[in-house]
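Notes to accompany the following structure.
If you're wondering where the values come from, they're calculated on a predicted model, not measured in any experiment.
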Amino acid sequence: MGRTRTFTEAEVARSARQVFWDHGYEDTALPDLERATGLNRSSIYHSFGSKRGLFDAAVESYLDEVIRPRLVPLRADVVEVGALETYLLGLRAAMTEGHTALAANGCLLLNATGSPLGREEALQTVVAAYCDSLRSAITTGVAARRTDLDAAEQKTLATTCTGLVFAAMAIVRVDATAAGELIDAALGHVRRASQERISN
């Protein structure tokens, strides 16, 4: 009789996600994944096809459990005026306060783009969709916060904030202080623009 399946693929992907996040795809060995997931090589291959397949599942876990929940307020039918600032402040806290995986390791997806894996079209498609999703969410946040700006000005502000967020995610594992300053700059662009408009 075969061994009863005592795990869910979501749990395995979550455990593997942390290993990939800590070490990167290239430097993660199958024994590392076996220890983290409690599965042997054959079980991993049976469920996910390969180490690469498990990484894909870990990426989906990352998007579903780490990235998308933060964006929910920016994707509501009615976006609150302060939703963008709340998102930026929460992201800043995750980068600079405590010992979060984001602070220690940066963004799982952006890190992968800097490895040989980043040349694969499948990953490029996932990263592009991720970037578009973040840009769209920030754009809706800007629109809710900055009703005084026209569409072109809102787009420019959203592009600036999005770029600063990506820059912060890229640098946080090297310099959390600098990452926090980049998020502060994004907040400053949103707030300063309002103050300048009021003073004119």
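The minimum heavy-atom distance linking Cys107 with Leu102 is given by the pair N-CD1, 4.0 Å. When all heavy atoms of Ile183 and Leu88 are compared, the pair lying nearest together is CG2-O, 3.3 Å. Leu91 and Arg70 make their closest contact through N-NH1, 3.8 Å (heavy atoms, listed as atom of the first residue, atom of the second, distance). Of all heavy-atom pairs between Ala112 and Phe55, the closest is CB-CZ, 4.0 Å. The heavy-atom pair separating Ser15 from Ala36 by the smallest distance is CB-O, 3.5 Å. In plain terms, the two heavy atoms of Ala16 and Leu33 that are nearest each other are CB-CD2, 3.9 Å.
A donor-acceptor pair under 3.5 Å links the side-chain atoms of Glu11 to the main chain of Thr8, judged by distance alone. Between the Gln154 side chain and the Arg146 main chain, a donor and an acceptor come within less than 3.5 Å of each other.
Side-chain atoms of Phe20 and Leu54, non-hydrogen and from C-beta on, do get closer than 4.5 Å to each other. Two residues are said to be in side-chain contact when any heavy atoms from C-beta on lie closer than 4.5 Å; Glu80 and Thr86 fail this criterion.
Listed by first and then second residue, the salt bridge (charged side-chain N to carboxylate O under 4.0 Å, His left out) pairs involving residues 107-131 are Arg52-Glu120 (not counting sequence neighbours). Pairs of residues two or more places apart, or lying in two chains, never qualify as salt bridge (charged side-chain N to carboxylate O under 4.0 Å, His left out) while including a residue from residues 39-49. The list of ring-ring contact (aromatic ring centres under 6.0 Å, His included) pairs with a residue in residues 59-95, not counting sequence neighbours, reads Trp21-Tyr62. For residues 129-141, the pairs satisfying side chain to side chain donor-acceptor pair (under 3.5 Å) are Arg75-Ser133, Asp132-Arg135, with sequence neighbours left out. Listed by first then second residue, pairs satisfying side chain to side chain donor-acceptor pair (under 3.5 Å) with a partner in residues 157-172 number zero, not counting sequence neighbours. Sorted by first and then second residue, the side chain to side chain donor-acceptor pair (under 3.5 Å) pairs involving residues 90-104 (not counting sequence neighbours) are Arg92-Thr96, Arg92-Asp184.
Under the 4.5 Å side-chain heavy-atom criterion for ILVMFWY residues, no single connected hydrophobic cluster contains both Val72 and Leu63. Taking hydrophobic clusters as Ile, Leu, Val, Met, Phe, Trp and Tyr residues chained together by side-chain heavy-atom distances below 4.5 Å, Leu71 does not share a cluster with Val81.
Looking at residues two or more places apart in sequence or on another chain, you find no side-chain hydrogen bond (donor to acceptor under 3.5 Å, both in side chains) involving Asp175. Applying the side-chain contact (heavy atoms from CB on, under 4.5 Å) rule to Val127 yields the partners Leu109, Thr113, Leu123, Cys131; only residues at least two apart in sequence or on another chain are considered. With sequence neighbours excluded, the residues forming a side-chain hydrogen bond (donor to acceptor under 3.5 Å, both in side chains) with Ser42 are Asn40, listed by chain and number. When the side-chain hydrogen bond (donor to acceptor under 3.5 Å, both in side chains) test is applied to Thr37, no partner is found at least two apart in sequence or on another chain.
More than 12 heavy atoms of other residues, nucleotides or ligands shown are found within 6.0 angstrom of CZ on Arg14.
Hydrophobic side-chain contacts under 4.5 Å tie Leu164 into a cluster, directly or through other members, with Ile171, Leu182.
Atom CG of Leu110 is separated from atom CE of Met169 by 7.0 Å, given to the nearest 0.5 angstrom. Interatomic distance, Arg173 CZ to Met95 CE, rounded to the nearest 0.5 Å: 12.5 Å. Residue Leu134 holds its CG atom at 7.5 Å from CD1 of Ile67, rounded to the nearest 0.5 Å.
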For residues 23-32, dump all side-chain donor-acceptor pairs below 3.5 Å to protein atoms at least two apart in sequence or in another chain.
| unit_1 | atom_1 | unit_2 | atom_2 | d |
| --- | --- | --- | --- | --- |
| Thr28 | OG1 | Gly24 | O | 2.7 |
| Asp32 | OD1 | Arg35 | NH2 | 2.6 |
| Asp32 | OD2 | Ala29 | N | 2.9 |

- After noting the C-alpha distance and the side-chain angles of Gln18 and Asn105, does the key distance pass the side chain to side chain contact (heavy atoms under 4.5 Å, CB included) rule? CA-CA 10 Å; Gln18 192 60 54; Asn105 303 314; 4.1 Å; yes
